[in-house]
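To keep things clear, I will list the structure first and then write my remarks on it.
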Amino acid sequence: MAGLADSGSNPDVDLLYDINGLAKDAPAWFDRVMEYVGEYGLLLAIVLLVVWCWWSVRRRGDEDAASTVAALVWAPLAAGIAVLVNVPIRGFVERPRPFLDHQGLEVLVQGKTDYSFVSDHATIVMAMAVGLFVAHRRFGLVALVLALFGGFIRVYMGVHYPTDVVGGFALGTAVALLLSPLAMALLTPVVKAVERSPRVGWLVRGRGRAERDDAVMPEARSERTSERDLAA
């Protein structure tokens, strides 16, 4: 299975050279920026999006805050599970990194000795992006765009074939979506229990909103009691 892209006439290889060729023509400082963004920046950006989404949800304190927070918890868990699923896939395919089989590539990150298919980076960012999309459409769309850009950068850096990235996107999406119903069924009751806790409930709903709800609920109960008394 190692020879998935051994021929220079293979469209996968042709696209690799086309995208990686952009790195050869770019200034050195730009390549350094792309190297950092591809290795760490985009993953960090998606993590920050998840945190931002959580902060926004808990501050509003909507009625469905618990289910949304549960979906946000699922996003990084989905990424971790997808990477674990990728371990046997990599071992079965055993595809070398493209720079080991093809000459003339501009490799921005040295020292990559593990197998190329499927891309762990693409798997992680897409699993988190899809998980975030399940929780919140607006934040999720931004994360999906970042994930797609991250896949492009992995090829730009010369460390993955395009199909490595596509495979990572497919794996991350499959894990995040297919296991989402089970994950939500398990996580939502836990998050609701956290929400009811007087000590850590603020992790799900902001203290201000919770206090307003507590203040409104007795009034509502009092009004209902008065209505029943009048009816009697």
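No experiment lies behind these values; they were computed from the predicted model shown. In what follows, every heavy atom counts, from backbone to side chain, and hydrogens, waters and symmetry copies are set aside.
A heavy-atom distance below 4.5 Å is not found between the side chains of M157 and N20. Residues P96 and S116 form no side-chain contact, since every pair of their non-hydrogen atoms from C-beta on lies 4.5 Å or further apart. Looking at heavy atoms from C-beta onward, I153 lies in side-chain contact with V37 at the 4.5 angstrom threshold. T188 is not listed as a side-chain neighbour of V191, based on a closest heavy-atom distance of 4.5 Å or more. V159 has its side chain out of reach of P98: every pair of non-hydrogen atoms, C-beta onward, lies at least 4.5 Å apart. Side chains of L177 and V134 form a contact here, defined as non-hydrogen atoms less than 4.5 Å apart.
Rounding to the nearest 0.5 Å places CZ of F152 at 7.0 Å from CZ of F149. The CG atom of D164 sits 6.5 Å away from atom CZ of F117, with the distance rounded to the nearest 0.5 Å. Here the CG-CG distance, from L77 to L72, works out to 11.0 Å after rounding to the nearest 0.5 Å. Distance CH2/W202 to OG/S197: 11.0 Å, rounded to 0.5 Å. Annotation: the span from L144 atom CG to F133 atom CZ amounts to 6.5 Å, rounded to 0.5 Å. For the atom pair CG (L179) and CG (L186), the distance works out to 10.5 Å, reported to the nearest 0.5 Å.
Between D31 and A26, the shortest heavy-atom distance links the atoms OD1-CB, 3.6 Å. Among all heavy-atom pairs drawn from T173 and V130, the shortest one is OG1-CG2, 3.8 Å. Residues A66 and E195 come closest through the heavy atom pair CB-OE1, 3.6 Å. The two residues L42 and G150 make their nearest non-hydrogen contact at CD1-CA, 3.1 Å. Closest approach of G131 and A176 over heavy atoms only: N-CB, 4.2 Å. The nearest pair of heavy atoms linking S119 to A122 is OG-N, 3.1 Å.
For D114, the side-chain contact (heavy atoms from CB on, under 4.5 Å) partners are R90, R97, K112, not counting sequence neighbours. For R138, the side-chain contact (heavy atoms from CB on, under 4.5 Å) criterion is met by H136, not counting sequence neighbours. When the side-chain hydrogen bond (donor to acceptor under 3.5 Å, both in side chains) test is applied to E35, the partners found at least two apart in sequence or on another chain are R32.
The residues E39 and R154 are annotated as salt-bridged, a charged nitrogen and a carboxylate oxygen being separated by less than 4.0 angstrom.
In the hydrophobic clustering of ILVMFWY residues, with side-chain heavy atoms under 4.5 Å counting as a link, M184 and L178 come out apart. Criterion: ILVMFWY side-chain heavy atoms under 4.5 Å apart, direct or through other members. Under it, F92 and V83 are part of a common hydrophobic cluster. Two different hydrophobic clusters hold V145 and L43 under the rule that ILVMFWY side chains link at heavy-atom gaps under 4.5 Å. Both W55 and V142 belong to a single network of hydrophobic side chains, linked directly or stepwise wherever heavy atoms of I, L, V, M, F, W or Y lie under 4.5 Å apart. Transitive grouping of hydrophobic side chains (ILVMFWY, heavy atoms separated by less than 4.5 Å) keeps Y36 and V47 in distinct clusters.
For the residue pair R58 / T68, no side-chain donor-acceptor distance below 3.5 Å is found, with atom types taken as modelled. Donor-acceptor pairing under 3.5 Å is lacking for the side chains of T123 and N86.
When atom types are taken as modelled, the side chain of W74 and the backbone of L187 share no donor-acceptor pair closer than 3.5 angstrom. At distances below 3.5 Å, at least one donor-acceptor pair connects side-chain atoms of K24 with backbone N or O atoms of G104.
The only option from I89, I124, V166 that meets the side-chain contact (heavy atoms from CB on, under 4.5 Å) definition with L171 turns out to be I89. Under the side-chain contact (heavy atoms from CB on, under 4.5 Å) test applied with M126, the options V165, L146, L148 reduce to a single match, L148.
Y161 and H102 have their aromatic ring centers within a separation under 6.0 angstrom.
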